[in-house]
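Heads up, the thing below is written out as C-alpha cells.
Order of listing sets the numbers, starting from 1, for every ligand and every atom in it. In what follows, residues are counted from 1 in the order of the sequence shown. These values consider heavy atoms only, across backbone and side chains, with no hydrogens, waters or symmetry-generated copies. Computed from a predicted structure; not experimentally measured.
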Amino acid sequence: MSTCVVTGGAGFLGSHLCELLLERGHQVICVDNLETGSLQNIEHLRSAEFRFMDHDITEFVEIEGPVDFIYHLASPASPIDYQRLPLQTLKVGSYGTHHMLGVAKFTRARFLIASTSEVYGDPEIHPQPEDYWGNVNPIGPRGVYDEAKRYAEALTMAYHRQQGVDTCIARIFNTYGSRMRPHDGRAVPTFLRQALQDKPLTVFGEGSQTRSFCYVDDLVRGLIALAESDAHLPVNLGNSDEYTLLQLAEAVIEVSGARSEIVYEALPVDDPKVRQPDITKARELLGWEPQVELRDGLRKTIDESGVERLVGANS
Ligand code: NAD
C-alpha cells in the first residue's frame, strides 16, 4: 500500500482518481481549497484511508509522514473558471507547482503533473504527438491557462533534471464523466444539461471544430499507470476517436432521447480548430488505451450523475 497525495482531489478528475486509488488499497491525502471542487464530490469516500486537507496550494504546504506519489491536479480547468480566475490560474501553475515539487523533493515521492492538450494551442499538426511544441497565443484569454501549464511542465523538468526529483507529465485531453459541473462551460456538461431539459444545444461556430472525448474511468486508469511507470517525458492521455462538436451534440441528443434542436453561437477567441491525441506512446510505454466508446460514456455519465445533478441549479 502506498500513500498518495492528490491536489485538486475534490474536483471532477481528482475525485475519480481518489476513488480508484482507494479501491486499489492505497492511502489518499486529498488537498483542495474547494475553489471549483466540492465536498459533495468526495463525501462517499469517508474511510480511515482517506484524509481531506482544506488548503490553497499557492500557499506553503506541509505534509506529514511518508508520501509515495503526488498527483498534482489542482488548477482551475474550464475556460469559464480560468477566465474568472486569471491570476489564480497563473499562481497555481507556478507557486502551486513549486510548492508541490518541493514536497516531492522532501518526501522523495514520485510526482505527476496534470498538464493538458492546451499546451499544443491551436495545432498545426494532427493528431498531436508529444514532440510537437505547440502554437499558443500567450496573450489571448486562454493564455493564462495554457502558459501556466507550459510553465508547470518546464518547472517539473527542471526539478527532475537539476534536483533529481522523480517526475512525470500527463498531457490530458478532453475528459468527461459524472461530477462535471453543469455550468462549467465545457461542451459535454453543457450539451447534457441542455438536452435533459429539451432546450436547444448551443454549438459554437459551425460546429466543425473537432475534439476527442475520453471517459473519466479510462483517464484515471491512465494517470495511475503513468505514475507507476518510470517515464519522465510527457505522455498524452486521451481518447483518439475524433468528433466534430456537431457530432457530439447529435450523440448527446440521441443518447438522452431529447427533443432539442441545435443552434449556433459565435466561436470563442482562440478556440482550437482540431484536437486529437496521438496515443502511441501511452500504448507502448504503459500498455494503456481507452476502452469506453463515446455513446456508452455519455450513458454512464447520465446514469451515475442522475438528471438532477446534470441539470443543476439556476438552469
Ligand atoms: P476541476 O475544476 O473539477 O478540479 C480542479 C480542482 O482543483 C478543484 O477541486 C479545485 O477546487 C482545486 N483547486 C484549484 N485551485 C486550487 C488551489 N489553489 N489549491 C488547492 N486546490 C485548488 O477540474 P478538472 O477537470 O478535474 O481538472 C483537474 C486537472 O486536470 C486540472 O489541472 C486540469 O488542468 C487538468 N485537465 C483536465 C482536463 C479535463 O478534460 N477535465 C483536460 C486537461 C487537463
I'd like to know whether [atom1] of [X] has more than 12 heavy-atom contacts from other residues, nucleotides or ligands below 6.0 angstrom.
X: Arg51; atom1: CZ; answer: no
X: Asp230; atom1: CG; answer: no
X: Phe52; atom1: CZ; answer: yes
X: Glu254; atom1: CD; answer: yes
X: Glu23; atom1: CD; answer: yes
X: Arg299; atom1: CZ; answer: yes

Backbone, side chain, both or neither: what part of [X] comes under 4.0 angstrom of ligand 1, heavy atoms only?
X: Asp32; answer: both
X: Tyr145; answer: side chain
X: Met180; answer: neither
X: Glu118; answer: neither
X: Leu34; answer: backbone
X: Ser38; answer: neither
X: Arg179; answer: neither

If hydrogens are left out, which of [options] has an atom nearest to [atom], that is, the closest non-hydrogen atom?
atom: atom 21 (N) of ligand 1; options: Thr116, Asn33, Asn174; result: Asn33
atom: atom 31 (C) of ligand 1; options: Leu73, Val216, Leu223, Thr58; result: Leu73
atom: atom 44 (C) of ligand 1; options: Ser115, Ala114, Ala77, Ala74; result: Ser115

Protein heavy-atom partner closest to [atom] - residue, atom, separation in Å:
atom: atom 3 (O) of ligand 1; answer: Phe12 N, 2.8 Å
atom: atom 2 (O) of ligand 1; answer: Thr36 OG1, 2.6 Å
atom: atom 30 (O) of ligand 1; answer: Leu13 CD1, 3.5 Å
atom: atom 19 (N) of ligand 1; answer: Ile57 N, 3.0 Å
atom: atom 5 (C) of ligand 1; answer: Ser75 O, 3.4 Å
atom: atom 41 (N) of ligand 1; answer: Arg186 NH1, 3.1 Å
atom: atom 43 (C) of ligand 1; answer: Ile172 O, 3.1 Å
atom: atom 40 (O) of ligand 1; answer: Thr175 N, 2.8 Å

- request: Using a strict 4.0 Å threshold on nitrogen-to-oxygen distance, state whether Arg171 and Asp278 make a salt bridge.
  value: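 No, no charged N to carboxylate O under 4.0 Å.
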
- request: Inspect the contact between Arg309 and Glu304 and indicate whether a charged nitrogen and a carboxylate oxygen are less than 4.0 angstrom apart.
  value: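 Looking at Glu304 and Arg309, the cut-off is not met.
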
message: Quick check on side-chain contact (heavy atoms from CB on, under 4.5 Å): which of Ile57, Val31, Val5 does His72 satisfy it with?
response: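 For His72, the side-chain contact (heavy atoms from CB on, under 4.5 Å) test succeeds with only one of Ile57, Val31, Val5, which is Ile57.
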
Nearest 0.5 angstrom please: [X] [atom1] to [Y] [atom2], how far?
X: Leu39; Y: Asp32; atom1: CG; atom2: CG; result: 8.5 Å
X: Leu310; Y: Ser305; atom1: CG; atom2: OG; result: 4.0 Å
X: Asp122; Y: Arg275; atom1: CG; atom2: CZ; result: 7.5 Å
X: Leu237; Y: Thr116; atom1: CG; atom2: OG1; result: 11.5 Å
X: Ser2; Y: Gln27; atom1: OG; atom2: CD; result: 9.0 Å

Suppose I only count heavy atoms of [X] and a 4.0 Å limit; which atoms of ligand 1 are within that range?
X: Gly8; answer: 6 (C), 7 (O), 9 (O), 12 (C)
X: Gly37; answer: 8 (C), 9 (O), 10 (C), 11 (O)
X: Ala10; answer: 9 (O)
X: Lys149; answer: 31 (C), 32 (O), 33 (C), 34 (O)
X: Asp56; answer: 17 (C), 18 (N), 19 (N)
X: Gly11; answer: 3 (O), 4 (O), 8 (C), 9 (O)
X: His55; answer: 19 (N), 20 (C)
X: Gln88; answer: 18 (N)

Under 3.5 Å donor-acceptor, His99 side chain and Tyr95 backbone: yes

message: Looking at every non-hydrogen atom in both residues, tell me the closest pair between Gln291 and Asp218 and how far apart they are.
response: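 Minimum heavy-atom contact is N-OD2, 2.9 Å.
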
message: With nothing but distance in play, are any N or O atoms of Val31 less than 3.5 Å from an N or O of ligand 1?
response: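 N/O-N/O distance under 3.5 Å: no.
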
